[in-house]
> 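Below you will find the structure I want to go over with you.
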There are 2 protein chains.
Amino acid sequence: MLSTRRAELVDAAVGASRALVAITARSLARDAGDVTLPQYRLLVVLVTRGPQRLGDVADSLDVNPSTATRMGDRLHRKGLITRRGRDDDRRVVELVITDEGRQLVERVMEHRRAEITEIVDDLSPDELATVAQGLQLFAAAAGETTGELESAS
Amino acid sequence: MLSTRRAELVDAAVGASRALVAITARSLARDAGDVTLPQYRLLVVLVTRGPQRLGDVADSLDVNPSTATRMGDRLHRKGLITRRGRDDDRRVVELVITDEGRQLVERVMEHRRAEITEIVDDLSPDELATVAQGLQLFAAAAGETTGELESAS
DNA sequence: CCCATCAGTTGTCCTAAGCAAAGATTGCCC
DNA sequence: GGGCAATCTTTGCTTAGGACAACTGATGGG
């Protein structure tokens with residue numbers, strides 16, 4: 001009974017999640033050419049939090065610093081970020097998004113927004129409210145239970 | 001106004017999706033040792049659809065056959081699947097999950113179910129119904145819309 | 001019987017990601 | 001002020017995922 005409802009919820013959640021990942025992947029493929037999903041996530045961190053030291057980026061993405069270094073290399077090669085040292089502590093390297101990088105993120109977000117809009121356009125106002133409330137409730141509950149992790153993508 | 005609501009919905013959807021991915025990753029790390037997420041997805045395909053020819057598995061996962069071949073190699077090394085030829089067409093290779101593989105998937109699913117249960121335990125029955133409906137509505141709407149897009153293009 | 005086609009595998013390339021060790025810099029303590 | 005530990009980043013090494021192309025074997029239609 002209740003377990004049946006829970007199983008349905010799990011299925012629905014997995015389905016919703018899969019749909020979103022697919023949307024993001026499509027937006028990325030269409031707007032970002034050769035930028036991969038992890039690289040895009042790095043760019044989103046820089047857009048939402050401003051210039052960041054490499055270690056903080058690694059923490060945000062929950063990856064090893066070495067991984068962040070090399071992802072930075074590739075994004076730098078593509079002209080989407082720059083690196084700069086800091087005078088008050090010359091150990092640190094800050095990653096800064098370029099105009100080109102920012103525009104890329106904006107294109108992808110705009111496209112994703114459009115796709116989601118298209119999806120929910122077919123819903124009635126009541127249904128739309130239900131979807132929004134349901135997703136918000138779930139995200140909030142998950143955030144509290146698991147203890148507030150980081151953002152980006 | 002309405003765009004604000006849509007933006008909130010996008011954020012909520014992204015948050016919910018992130019929470020789910022994190023849950024799956026945790027369940028995998030706890031119960032599946034050295035099995036990666038793509039490998040786990042392959043096992044799930046075999047559990048839900050039974051023995052499959054390699055090409056069909058590749059299609060299900062949306063990867064190149066060569067990728068499926070090598071993922072199969074690794075899962076075989078770990079004793080989680082077996083491969084068998086077929087007499088009526090000796091070109092095809094079928095992947096079959098082993099008891100060990102099946103048990104692994106069951107452990108992960110059980111654990112994921114438990115985590116989601118824990119999350120929604122704090123919700124009232126009304127809220128739980130809202131979450132389930134919202135997720136289902138969204139997943140269904142996404143499925144229809146993307147289906148149309150694919151057939152249209 | 002031959003040849004086009006199909007199914008999988010193998011070789012090669014790139015990205016992602018982790019760990020460990022090395023380098024460089026800083027801060028602190030004596 | 002000199003040495004030393006801690007901090008930040010990079011580099012080397014390994015495994016895995018993923019794509020594409022070339023190749024091998026098997027099938028099946030002319």
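Because the structure is predicted, anything quoted here is derived from the model rather than measured. Throughout, a chain's letter reflects where its sequence line sits, starting with A, and its residues are numbered from 1.
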> Base, sugar-phosphate or nothing for A/Asp89? Non-hydrogen atoms, less than 4.0 Å.
sugar-phosphate
> Nearest heavy atom decides the nucleotide; on that basis, is B/Arg77 or B/Val63 closer to the 5' end of DNA chain D?
B/Arg77
> Crowded around A/Asp88 CG? As in, over 12 foreign heavy atoms under 6.0 Å?
yes
> Considering every strand and a 4.0 Å limit on heavy-atom distances, what is the contact class for B/Arg83: base, sugar-phosphate, or nothing?
sugar-phosphate
> Decide salt bridge (Lys or Arg N to Asp or Glu O under 4.0 Å) for B/Arg107 and B/Glu110; before the verdict, give the C-alpha distance in whole Å, the side-chain angles of both, and the deciding distance to 0.1 Å.
CA-CA 5 Å; B/Arg107 280 202 307 277; B/Glu110 177 50 43; over 6 Å; no
> To the nearest Å, how far apart are B/Leu54 CG and D/dT24 P?
19 Å
> Quick one: is D/dG17 close enough that its OP1 or OP2 comes under 4.0 Å of any side-chain N or O from B/Gln39?
yes
> Give a yes/no answer on whether the side chain of A/Asn64 brings an N or O atom under 4.0 Å of OP1 or OP2 in C/dC19.
yes
> Nearest whole angstrom, please: distance from the C1' of C/dT15 to the OH of A/Tyr40.
19 Å
> Reckon B/Arg74 has a side-chain N or O less than 4.0 Å from the OP1 or OP2 of D/dT15?
no
> Between A/Thr67 and A/Asp88, which is nearer to the 5' end of DNA chain C once each is assigned its nearest nucleotide?
A/Thr67
> Could you give the CG-to-C1' distance, from B/Asp59 to C/dA7, as a whole number of Å?
12 Å
> In whole angstrom, give the distance that lies between atom NE2 of A/His76 and atom P of D/dT9.
16 Å
> So among B/Gln52, B/Arg41, B/Arg49, which one has a side chain to side chain donor-acceptor pair (under 3.5 Å) with B/Ser60?
B/Arg49
> Tell me if the side-chain of A/Arg91 makes a donor-acceptor pair with the base of D/dT7, cut-off 3.5 Å, by modelled atom types.
yes
> Any side-chain N or O of B/Ser66 less than 4.0 Å from the OP1 or OP2 oxygen of C/dG8?
no
> When you compare the side chains of B/Ser124 and B/Asp126, does any donor N or O come within less than 3.5 Å of an acceptor on the partner?
no
> In this structure, which one of A/Val105, A/Leu42, A/Val35, A/Ile97 forms a side-chain contact (heavy atoms from CB on, under 4.5 Å) with A/Leu80?
A/Val35
> Find the distance B/Asp56:CG to C/dA7:C1' and express it as a whole number of Å.
11 Å
> Taking CG from B/Leu61 and P from D/dA16, how many angstroms apart are they, rounded to a whole number?
17 Å
> If you pin B/Asp34 and A/Val93 to their nearest nucleotides in DNA chain D, which one's is more 5'?
A/Val93
> Measure CG/B/Leu95 against C1'/C/dT9 and give the value in whole Å, please.
13 Å
> From CZ of B/Arg84 over to P of C/dG8, roughly how many Å is that when rounded to an integer?
13 Å
> State whether the distance check finds a donor on one side and an acceptor on the other, under 3.5 Å, for side chain B/Arg70 versus base C/dG11.
yes
